[in-house]
Amino acid sequence: MLEERLRKLEEFRSLGVEPYPYRYEVDSYAAELHERFKDVQEIPEGKYNVSIAGRIMTKRDMGRGGFAHIQDSTGRIQIYARQDVLGKERYKIYKKLDVGDIIGVKGYVFRTRTGELTVLVQDFQLLCKSLRPLPEKWHGLRDKETRYRQRYLDLIVNPDVREVFIKRTKIIRAIREYLDSRGFLEVETPVLQPIYGGATARPFVTYHNALDMKLYLRISDELYLKRLIVGGFDKVYEIAKDFRNEGMDRFHNPEFTQIEIYQAYADYTDMMRLAEDMIYTVAMRVLGTARITYQGQEIDLTPPWRRISMIEAIEEESGINVMEAPEEEMLRVIEEKGGSVKGKPTWGKIVAELFELFVEPKLVQPTFVVDFPVDISPLAKRKRGELGDRLVERFEIFIGGLELGNAFSELNDPLDQRRRFEEQMKQRELGDEEAHVMDEDFIRALEYGMPPTGGLGIGIDRLVMLLTDSPSIRDVILFPQMRPESREV
RNA sequence: GCGCCGUUAGCUCAACUGGUAGAGCACCUGACUCUUAAUCAGGGGGUUGAAGGUUCGAGUCCUUCACGGCGCACCA
């Protein structure tokens, strides 16, 4: 097949047709033309001249004329080439074009007998010879492996995929507009970090030759953004690629995009209002509705969202009062349910596990789960009131079974922050590889003083999954991580 | 890491209990000036993911490996 096309390539050259020219003047696009003529039934022939370019997707040649569809970045439009218009020689060359080739066409718009908007080819130019056949026009490209590995092919052949990624861009743009219009400053912080932090996860490690030191790809930008709050930027955000050296599945890609937002003088209740309003606004802007369907589940994103305390939710679903139940008993329940707690089972880890087992699967409508155990939240401020010895002011966002975001009233007491880090270091020594590491400079920053601050992180990929009804994170990342191909290309 | 399923022509898929690997699209040649899954006639195309085993004979059965999907585990 490839040889056949290489033969054609040489044939074009010998006919004086350059198979890879340099530029082409385009003045019209498929979608634009369909829009412009949608109400015009009788189009006077020869009046509307256009120059279009795109990839040949279908081709129906007849003796001295032929139809084809070409696809540009906006859609498809039919073209009609005739020998009596092009002349015998040019038409001969036209007939040699393959599905997959990219061409430029100059001609006029008309309607065929069946009413399809079509460009009559008065002149055409080969813009790029394609050497590999496209997947079949009817069934398209179904094989997920090929679709992820050769996303370019997926994009050529499956129009829905293009739509998903256009939506992804619109979602991110809408978030920027939302935050920018409210006085937030978009910033950039290091991807290469000497000390990684801001989350509990294993990092990717790299090495800087000139500095002769290990560097880590960030697992979060949290600690840098809070340094900026110390520095006097009151409202900042960053849309950051983060990297976590962990397993991959439908919800996890080793590199993923997260937005983190910090607002001085705010607490986690402010961040709840911000989160629900922002996501609602983005949905309205991008989808035109707040009522969405995710994997068959009807979801209404209209604020206010339900708020439940983690402790109460566990009691409702399991009957366990985690504030009083003995740890051994809770561990027994976890085991019965098929769960497990890794490392040394602390109270917080047990509570989090019970939550995952009993509550998480039931969260379909947008829900803020609030107030987490302190020992699994080393960067969050203690809950005000008498529960502050065990709980922090933290919430997570669950929508449609997806864990979408994480937020807290940020811990700004440098002495408490040091104790929390020290506690994490102990966990690390006990075998918890994901425990947070000490960051002396961050504590130093807090010692200068950070105003009370609310922080919020939202997984952009998962938000895009939700708003595009995509079952897998790989469907919303253009080039998802894959093992190297074993077979020959 | 564990379990289940998958991998056959460029693409989408067939091939009963083990018995000559096939179709449609794509491709090549020819016919055809409003087709649109164009049509009609003819033609080429395969180390059945890889390696090994059982058998007279393996796409099919067994083992190992690779890649992928889903679930679980791990993990936000």
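Letters go in sequence order (proteins before strands), and every chain restarts at 1.
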Problem set entry | Note: A:Asp432-A:Lys349 ion pair, threshold 4.0 Å (strictly below) | yes
Problem set entry | Side-chain donor/acceptor of A:Arg142 to base of B:rU12, under 3.5 Å | no
Exercise. Has the side chain of A:Arg60 got a donor or acceptor atom sitting under 3.5 Å from an opposite partner on the base of B:rU35?
Worked result: yes
Base, sugar-phosphate, or nothing for [X], non-hydrogen atoms under 4.0 angstrom?
{"X": "A:Lys8", "value": "sugar-phosphate"}
{"X": "A:Gly457", "value": "nothing"}
{"X": "A:Lys95", "value": "base"}
{"X": "A:Ala201", "value": "sugar-phosphate"}
{"X": "A:Thr112", "value": "base"}
{"X": "A:Gly63", "value": "base"}
{"X": "A:Phe398", "value": "nothing"}
{"X": "A:Gln83", "value": "nothing"}

To the nearest angstrom, how far is [X] atom [atom1] from [N] atom [atom2]?
{"X": "A:Asp154", "N": "B:rC11", "atom1": "CG", "atom2": "C1'", "result": "13 Å"}
{"X": "A:Glu4", "N": "B:rG44", "atom1": "CD", "atom2": "C1'", "result": "10 Å"}
{"X": "A:Tyr152", "N": "B:rC11", "atom1": "OH", "atom2": "C1'", "result": "14 Å"}
{"X": "A:Met62", "N": "B:rC40", "atom1": "CE", "atom2": "P", "result": "15 Å"}
{"X": "A:Lys59", "N": "B:rC34", "atom1": "NZ", "atom2": "P", "result": "16 Å"}
{"X": "A:Leu131", "N": "B:rC27", "atom1": "CG", "atom2": "C1'", "result": "14 Å"}

Distance between [atom1] atoms of [N] and [M] (Å, rounded):
{"N": "B:rU47", "M": "B:rG59", "atom1": "P", "value": "13 Å"}
{"N": "B:rU55", "M": "B:rC62", "atom1": "P", "value": "16 Å"}
{"N": "B:rC70", "M": "B:rA14", "atom1": "C1'", "value": "25 Å"}
{"N": "B:rC40", "M": "B:rG45", "atom1": "C1'", "value": "22 Å"}
{"N": "B:rU8", "M": "B:rG46", "atom1": "C1'", "value": "8 Å"}
{"N": "B:rG18", "M": "B:rG57", "atom1": "P", "value": "15 Å"}
{"N": "B:rC16", "M": "B:rU29", "atom1": "C1'", "value": "38 Å"}
{"N": "B:rC56", "M": "B:rA37", "atom1": "C1'", "value": "46 Å"}

Exercise. For B:rU33, does OP1 or OP2 lie under 4.0 Å from any side-chain N or O of A:Arg64?
Worked result: yes
Exercise. Within the pair A:Lys137 and B:rA26, is there a side-chain N or O less than 4.0 Å away from OP1 or OP2?
Worked result: yes
For this session: Report the residues that fulfil salt bridge (charged side-chain N to carboxylate O under 4.0 Å, His left out) with A:Glu434, sequence neighbours left out, ordered by chain and then residue number.
Result: A:Arg202, A:Lys342
Exercise. Among all residues two or more places apart in sequence or in another chain, which pass the salt bridge (charged side-chain N to carboxylate O under 4.0 Å, His left out) test with A:Arg420?
Worked result: A:Asp416
Problem set entry | Counterpart residues, ring pair (Phe, Tyr, Trp, His ring centres under 6.0 Å), relative to A:Tyr94 (two or more places apart) | A:Tyr91, A:Phe124
Seminar exercise, completed: Applying side chain to side chain contact (heavy atoms under 4.5 Å, CB included) to A:Thr112 and not counting sequence neighbours gives A:Phe67, A:Gln78, A:Phe110, A:Thr114, A:Glu116, A:Thr118
Please tabulate, for the side chains in residues 34-42 of chain A, all donor-acceptor contacts under 3.5 angstrom to protein atoms that are two or more places apart in sequence or on a different chain.
residue: A:His34; atom: NE2; partner: A:Arg76; partner atom: O; Å: 2.8
residue: A:Glu35; atom: OE2; partner: A:Lys38; partner atom: NZ; Å: 2.8

Would you list the atom pairs, donor with acceptor, under 3.5 Å between side chains in residues 461-471 of chain A and any protein atom, with sequence neighbours excluded?
residue: A:Asp461; atom: OD1; partner: A:Arg168; partner atom: NH1; Å: 2.9
residue: A:Asp461; atom: OD1; partner: A:Arg168; partner atom: NH2; Å: 3.1
residue: A:Asp461; atom: OD2; partner: A:Thr257; partner atom: N; Å: 2.7
residue: A:Arg462; atom: NE; partner: A:Phe251; partner atom: O; Å: 3.3
residue: A:Arg462; atom: NH1; partner: A:Glu403; partner atom: O; Å: 2.8
residue: A:Arg462; atom: NH2; partner: A:Phe251; partner atom: O; Å: 3.1
residue: A:Thr468; atom: OG1; partner: A:Val464; partner atom: O; Å: 2.6
residue: A:Thr468; atom: OG1; partner: A:Ser470; partner atom: OG; Å: 2.8
residue: A:Asp469; atom: OD1; partner: A:Gln295; partner atom: N; Å: 2.6
residue: A:Asp469; atom: OD1; partner: A:Gln295; partner atom: NE2; Å: 2.9

Exercise. Taking the inter-plane angle between the rings of A:Phe355 and A:Phe372 on a 0 to 90° scale, is it parallel (under 30°), tilted (30 to 60°) or perpendicular (over 60°)?
Worked result: tilted
For this session: Go through the side-chain N and O atoms of A:Tyr108 and A:Gln122 and say whether any donor and acceptor fall under 3.5 Å apart.
Result: no
Exercise. Does a donor on one side chain sit under 3.5 Å from an acceptor on the other, for A:Glu260 and A:Ser220?
Worked result: yes
Exercise. Looking at RNA chain B, which of residues 35-51 of chain A put a heavy atom within less than 4.0 Å of it?
Worked result: none
For this session: Could you give me the stems involving RNA chain B, meaning stretches of three or more consecutive Watson-Crick or G-U wobble pairs whose two defining distances are both below 3.5 Å?
Result: B:1-7 with B:66-72, B:10-13 with B:22-25, B:27-31 with B:39-43, B:49-53 with B:61-65
For this session: Report yes or no: is the cationic atom of A:Lys337 (NZ for Lys, CZ for Arg) closer than 6.0 Å to the six-membered ring centre of A:Phe358, at no more than 45° off its axis?
Result: yes
Name the pairs: protein N/O against N/O of nucleotides 68-72 of chain B, kept only if under 3.5 Å.
residue: B:rG68; atom: OP1; partner: A:Arg483; partner atom: N; Å: 2.8
residue: B:rG68; atom: OP2; partner: A:Arg483; partner atom: NH1; Å: 3.3
residue: B:rG68; atom: O4'; partner: A:Glu145; partner atom: OE1; Å: 3.1
residue: B:rG69; atom: OP1; partner: A:Arg474; partner atom: NE; Å: 3.3
residue: B:rG69; atom: OP1; partner: A:Arg474; partner atom: NH1; Å: 3.3
residue: B:rC70; atom: OP2; partner: A:Arg474; partner atom: NH1; Å: 3.2
residue: B:rG71; atom: OP1; partner: A:Arg250; partner atom: NE; Å: 2.8
residue: B:rG71; atom: OP1; partner: A:Arg250; partner atom: NH2; Å: 2.8
residue: B:rG71; atom: OP2; partner: A:Arg250; partner atom: NE; Å: 2.9

For this session: Just jot down the side-chain hydrogen bond (donor to acceptor under 3.5 Å, both in side chains) partners of A:Arg7, sequence neighbours excluded, or say none.
Result: A:Glu4, A:Glu11
For this session: Give every residue pair that meets the salt bridge (charged side-chain N to carboxylate O under 4.0 Å, His left out) criterion with at least one member in residues 82-91 of chain A, sequence neighbours excluded.
Result: A:Arg82-A:Asp84, A:Arg90-A:Asp123
Seminar exercise, completed: The nucleotide from B:rU12, B:rC27, B:rU33 with an atom nearest the side chain of A:Val99 is B:rC27
Exercise. Choosing from B:rC25, B:rC27, B:rC34, which nucleotide comes nearest the side chain of A:Glu136?
Worked result: B:rC25
For this session: Hey, which sits more toward the 5' end of RNA chain B by its nearest nucleotide, A:Arg7 or A:Glu116?
Result: A:Arg7
Side-chain donor-acceptor distances from residues 360-369 of chain A under 3.5 Å, at least two apart:
residue: A:Lys362; atom: NZ; partner: A:Glu317; partner atom: OE1; Å: 2.9
residue: A:Gln365; atom: OE1; partner: A:Asp300; partner atom: N; Å: 3.0
residue: A:Gln365; atom: NE2; partner: A:Glu298; partner atom: O; Å: 2.7
residue: A:Thr367; atom: OG1; partner: A:Gln365; partner atom: O; Å: 2.7

